[in-house]
Amino acid sequence: MGASLTTEEAKGASNIGHQKMVPQNHPSQPHIGSMGEYFRMHAESINNPAKFWGNVARELIKWSSDFDAVQYGSLDKGNISWFLGGKLNACVNCVDRHALKYPDRYAIIHETDDGDDPRSLTYIELLKQVSKMSWVLKDLGVRKGDVVSIYMPMIPEALVAILACARIGAVHSVIFAGFSSGSIKDRVVDSKSKIIITSDASCRGGKIIGLKKIVDEALADVHDLKTLVFKAGKIDVSWTEGRDYWWHEEVEKWPAYCPAESMDSEDPLFLLYTSGSTGKPKGILHTTGGYLVGAASTGKYVFDIHDNDRYFCGGDVGWITGHTYVVYAPLLLGISTVVFEGTPTFPTHSRYWEIIDKHRVTHFYVAPTALRLLKRAGSSPSSFKMEHLRVLGSVGEPIAPNIWKWYDEEVGKSRCHVVDTYWQTETGSHVITPLAGVTPTKPGAACLPFFGIDAAIVDPVTGQDIPEPNVDGVLVFKSSWPSMARTILGDHRRFQETYLSAYKGYYFTGDSASRDEDGYFWIRGRVDDVINVSGHRLTTAEIESSLIAHPAVAESAVVGVADEITGQAVVAFVSLKKQADMVLGDASLSHELKLHIRKSIGPFAAPKTIYVVIDLPKTRSGKIIRRILRKVTMGEADQLGDVSTLSDPSVVDEIIKVVQHKQ
Ligand code: ATP
Ligand code: MG
């Protein structure tokens, strides 16, 4: 298979309307000069991956010993490896090489919850702290290949811990610091962690959360696991002698340089459990060389990162977005990354915009859920200058066109490039995305495949390619790419069954999508979230986008339920903007929203029932969990399964009440 786009599609793509690709405040020129160059590079990455990725890997990554072969294995066999025989160290790539070149440049710009007492670190300071922590971990018995769990707030020390693991060849497994003790226990046991690094407490949105206490509960009947505790000094903690160690006492014992372990390209770098939108979390394993090449190349080309940029990703290190785009991509490229401990709404709804102005941020990257929240709350980014901003990224969910436009116009003042980046924990780095400064965008489209991604839309039943434009199907990738996950820890069979067997020889994303006449990809949502009403295939994303375009609606989630006449029917859940609940009664609002959908999509898409709820069930990363809504609608509220990954489990009871009341 050649490049994913035909020449006709390529021509179409370079003629798309939204033409303000190179922002005026660009420091020089984008790394890629034109769409023509993108198409040439993409074709080469697919047709001659050895040459393409060999060059990229040698340009962006420092190898202590060059690789012998670029790629080996096939999706079919599930034995993928990249840069075979190459030796490198992830921490050296992120820290040492920059610390030698520009020691005084900020690596980490720290922003605390209340904005006071930041602990920002230059590259040389980061090298010292990481070195000391590396000694500490070794002293506590951590060896190459051991798993270290990290349960920490968004503070510089979380990055120090991650990088120290990488330095000594330990495998980091970051657990989002909002998870309960039960979720921590599952993860430390599944990963056979040797130690868990935590903090006495975190401070977010003005609230203090006792992390060490939650870890203590998690470890109540887990033995032989040590804890290393960073002291934020917020609260007192209980102490188990012989098991618990203070971070500050241990680091004092060690010198400021620790040599780095030489790792094989295919040695594991980290383990990360997926967010659980579709059920039980899986321990996704990423290896070193390929992952770093994916992180660095997407940083360079998708975000168009240049020297001296200041990059702010609002994602948490507990998710893949935090791994690849708070830690690895910016540090691999030697720029400054903002580490924000607080929330976008504390003390005001302008917190993000203040940080962007204060630190002269050039790149901002966040999930649509945060943008919806801020828009709903009436945040006004327009009163902030944000003059250095060049690139605005979106990640994690489809972004509805009206939110995209708000982001573009209000936050970006219509002079930034908005990149809607589609990817997954399993893909390691962006896979379908515009390239900042280059790709003409369309609000709501994730645009075009990144280098090395041979993307196709296939029929869900036959697995055959769907060549026609604008037909929904399943999104698959036909060949491997450097940063793809290698396995699910301890369960390679599940890895192959989940990702590599559904459509033989292809990587199955689990998401449905379509491709338009310009070859642009539109991600619709999970395959399970496609609703078939009287033979019309509708996706939750398009109905939801339409609902939130109504002025009263803040958020919405749509599910399909069995219907005798139409096969499936649409049921919608909406939460309202603050002002709206007072103005509109439930019944008239439902009627109005149904009319709104009939007009904007078509009569067949009109929801059979609309429930007005206070909030929607979401994962801790902010994604709506439709599985729960489906069960509640079907009267199976007693079979909700694992709700431990919900950000606010009480929402579910409220929803059950609303649904039962109406049924
Ligand atoms: P689990 O796999 O446990 O159900 P999850 O899929 O939510 O959890 P992630 O790997 O964090 O965990 O999320 C990847 C998913 O997020 C994608 O498969 C897709 O459904 C969605 N997604 C990510 N980015 C985008 C985007 N730009 N547009 C549309 N959907 C996106
Ligand atoms: Mg997933």
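Each residue takes its place number in the sequence, starting with 1. Both ligands and their constituent atoms are indexed starting at 1 by order of listing. Only this structure's heavy atoms are used, side chains among them; waters, hydrogens and symmetry mates stay out.
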- Task: Nearest heavy atom to atom 17 (C) of ligand 1 wins, so pick from Thr619, Asp511, Ile625.
- Result: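 Ranked by closest heavy atom to atom 17 (C) of ligand 1, first place is Asp511.
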- Message: Just to be sure I'm reading this right: ignoring hydrogens, which of Arg526, Glu426, Gln424 gets closest to atom 6 (O) of ligand 1? Compare them by their nearest heavy atoms.
- Response: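 The option holding the nearest heavy atom is Arg526.
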With heavy atoms of [X] as the reference, note each atom of ligand 1 found under 4.0 Å away.
X	answer
Ile523	29 (C), 30 (N)
Trp423	14 (C), 17 (C), 23 (C), 24 (N)
Asp420	26 (C), 27 (N)

- Task: With the side chain counted from C-beta on, respond yes when Ile214 and Ile209 share a heavy-atom pair under 4.5 Å apart, and no when they do not.
- Result: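 Touching, per the 4.5 Å side-chain cut-off.
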- Electrostatic pair Asp518:Lys442 at N-O distance under 4.0 angstrom: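 The answer is yes: the pair qualifies as a salt bridge.
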Looking only at heavy atoms, is any part of [X] under 4.0 Å from ligand 1, and if so is it the side chain, the backbone, or both, or is it neither?
X	answer
Glu397	backbone
Thr425	both
Thr421	backbone

- Query: Among the heavy atoms of Gly510, does any lie under 4.0 Å from an atom of ligand 1?
  - Reply: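 Contact absent.
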- Using the salt bridge (charged side-chain N to carboxylate O under 4.0 Å, His left out) rule, collect all pairs that involve residues 363-372, keeping only residues at least two apart or in two chains.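 For residues 363-372: Arg372-Glu397, Arg372-Glu555.
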- Message: Tell me which pairs pass salt bridge (charged side-chain N to carboxylate O under 4.0 Å, His left out) where either residue lies in residues 495-510, with sequence neighbours left out.
- Response: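 Checked against salt bridge (charged side-chain N to carboxylate O under 4.0 Å, His left out) - neighbours excluded - the pairs reaching residues 495-510 are Asp76-Lys504.
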- Kindly state whether the ring of Tyr352 and the ring of Phe312 have centres lying under 6.0 angstrom apart.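 Yes, the ring centres sit under 6.0 Å apart.
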- Message: Determine whether a donor-acceptor pair (N or O, by modelled atom type, separation under 3.5 Å) exists between the side chain of Asp420 and the backbone of Val395.
- Response: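 No, because the side chain of Asp420 does not come within donor-acceptor range (under 3.5 Å) of the backbone of Val395.
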